[in-house]
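Before any comments, here is the structure.
The basis for the numbers below is simple: all heavy atoms, side chains too, and nothing from hydrogens, waters or symmetry mates. Quick note: residue numbers are just sequence positions, from 1.
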Amino acid sequence: MMQGSGFWRRLALALALALLVTGAVHAQPPQGGQPGDAGLDTSDIERRTGVKGELSAQEGVFKVSLPRSDIQESAAGVKLTPPLGLTAWAAFKRTGDATMVMGDIVLLEDQVNPVMDVALRNGLEVTALHNHFFWDQPKVMFMHIGGMGETARLADAVGKVFGRLRETAGGKGSVPRASIDPARSQLDAARLDALLGQKGTSKDGVYKITVGRTVRMHGYEMGKAMGVNTWAAFAGTPQQAVVDGDFAMLESELQPVLKALRAANIDIVAIHNHMTGEEPRMMFLHFWGEGPAEGLARGVRSALDLTTASTRTGAH
């Protein structure tokens, strides 16, 4: 009997030692920068992005970060530093046979559209554009990006975004300027109707179109009059005009609309939601453009044609 008990004690001890050894092996932290970490070649990602990163072994995510220490920023009198939210980043994660990247880019207003162009041209999606602070000087915007595909291609794209961020720093971005008073507008409404394929209205020197969309919320239909619409307002002259407005889009329409507006040199100033719980989900994009009225109208039309918006129009 004693011999049997000794056997079981020895067996239990052996099993405990085996578990300790196995735990120690699994507890060893992965070495960053080595191929195979979370299925990613982290050294290659750092080389391609030009930014150092950190591996989260628990989530299998490698994140590169670019502190915007070049921005002398304050909000409501408080000096903002990179740890307080002024750090651009991109996180990589293997998802099956592909890699996903998600990120948030910290930009001054004049950098937004030049950096967005680089992201879109290199296969990244731009998924949101908004502010994170009130009362901040200078004004800082945050542009969220995403993508899925080959790790090297995504890392190269992020590297180009970071590169453009550096190139446009210090006031080297794009700031449009125009001297336009709506009270002195001399726009050809009939010509704009023809270019936009919509019947606009004119009031106080502003020509405007509104195109309704339809969603369902809480079981009821909501449309143009409830704010589910795309609109564009023009002021100025045929030679020098300004357009601003808001696109209501399905999620699948966002990237094509962004590319069409940027191809027409129309700036994107915000991307966000206006509602929650609607079906289908609707995104909203605010824009601003300056230039000859016909060119602006053609740009808006090129984006409008990419949506499945209803052609019902009227005042906004």
Side-chain angles (χ1 to χ4, degrees), residues 107-121 126 129 138-139 141 143 164 167-168 170-213 224 229-249 253-271 284-307 309 311-316:
L107 318 106
L108 294 181
E109 289 176 291
D110 66 322
Q111 295 183 289
V112 169
N113 286 278
V115 173
M116 183 183 296
D117 288 344
V118 171
L120 294 173
R121 283 199 300 265
V126 175
L129 174 64
K139 186 67 180 174
M141 298 294 292
M143 185 179 79
R164 189 62 173 147
E167 292 168 1
T168 55
K172 298 177 183 177
S174 174
V175 181
R177 290 282 187 269
S179 178
I180 294 173
D181 181 355
R184 300 180 179 179
S185 287
Q186 299 176 15
L187 295 172
D188 185 340
R191 179 60 177 159
L192 292 176
D193 284 348
L195 290 169
L196 292 163
Q198 307 290 328
K199 180 64 177 177
T201 61
S202 295
K203 182 180 180 182
D204 299 330
V206 175
Y207 167 92
K208 194 169 193 177
I209 63 165
T210 306
V211 182
R213 304 295 303 253
K224 180 175 62 177
N229 59 62
T230 293
W231 62 270
F234 296 76
T237 67
Q239 295 75 32
Q240 186 182 51
V242 63
V243 63
D244 73 331
D246 192 1
F247 262 85
M249 308 153 296
E253 297 168 346
L254 173 58
Q255 304 307 315
V257 167
L258 278 174
K259 292 174 182 178
L261 292 175
R262 288 305 300 141
N265 202 34
I266 294 175
D267 288 336
I268 312 302
V269 299
I271 306 167
F284 291 81
L285 176 158
H286 298 262
F287 61 91
W288 173 276
E290 296 175 9
E294 287 200 11
L296 295 174
R298 293 181 191 278
V300 172
R301 175 66 182 273
S302 69
L304 190 59
D305 286 346
L306 295 170
T307 73
T311 56
R312 292 174 293 172
T313 60
H316 178 66

> Is any side-chain heavy atom of S174 closer than 4.5 Å to a side-chain heavy atom of N113?
Replying inline: no
>> Listing request: all salt bridge (Lys or Arg N to Asp or Glu O under 4.0 Å) pairs with a residue in residues 173-189, at least two apart in sequence or in separate chains.
In response: none
>> Using every non-hydrogen atom in the two residues, find where G197 and R301 come nearest and quote the distance to one decimal.
In response: N-NH1, 3.2 Å
> A260 and S302: which non-hydrogen atoms are nearest, and at how many Å?
Replying inline: CB-OG, 3.8 Å
>> Return the CG to CZ distance between D267 and R262, rounded to the nearest 0.5 Å.
In response: 5.0 Å
>> Please give me the minimum heavy-atom distance between Q198 and Y207, naming the atom from each residue.
In response: O-OH, 3.9 Å
> Should E253 and T307 be marked as a side-chain hydrogen bond (donor to acceptor under 3.5 Å, both in side chains) after you check the CA-CA gap, both sets of side-chain angles, and the distance that decides it?
Replying inline: CA-CA 6 Å; E253 297 168 346; T307 73; 5.0 Å; no
> For the atom pair CD (E294) and CD (Q239), what is the distance rounded to the nearest 0.5 Å?
Replying inline: 10.0 Å
> Taking C-beta and beyond as the side chain, do F234 and L196 meet within less than 4.5 Å on heavy atoms?
Replying inline: yes
> Where do S179 and Q240 come nearest, in terms of heavy atoms and distance?
Replying inline: O-OE1, 3.4 Å
> Going from NZ on K139 to CG on L107, what distance comes out if it is rounded to the nearest 0.5 angstrom?
Replying inline: 13.0 Å
> Considering only heavy atoms from C-beta outward, does the side chain of L296 approach that of I266 to under 4.5 Å?
Replying inline: yes
>> What I'd like to find out is whether the side chain of W231 reaches to under 4.5 Å of the side chain of D244, using heavy atoms alone.
In response: yes
> Can you name the closest pair of heavy atoms from N229 and A248 and give their distance?
Replying inline: O-CB, 3.4 Å
>> For a quick test of reading the model, state the closest non-hydrogen atom pair linking P238 to L187 and the distance between them.
In response: N-CD2, 4.2 Å
> Hey, which of I268, L306, D117, L129 is the one that makes side-chain contact (heavy atoms from CB on, under 4.5 Å) with L258?
Replying inline: I268
>> As a quick check of understanding, evaluate side chain to side chain contact (heavy atoms under 4.5 Å, CB included) for F247 and L254, giving each step before the final call.
In response: CA-CA 9 Å; F247 262 85; L254 173 58; over 6 Å; no
>> Measuring only between side-chain heavy atoms, which start at C-beta, is K208 closer than 4.5 Å to K203?
In response: no
> With a 4.5 Å limit on heavy-atom distance, are the side chains of I271 and H286 in contact?
Replying inline: no
>> A quick test of your reading: do over 12 heavy atoms of other residues, nucleotides or ligands sit less than 6.0 Å from NZ of K172?
In response: no
> CG/L108 to CE/M141 distance, rounded to the nearest 0.5 angstrom?
Replying inline: 11.0 Å
>> Closer than 3.5 angstrom, by distance alone: can the side chain of R164 be matched with the main-chain N or O of V118 as a donor-acceptor pair?
In response: no
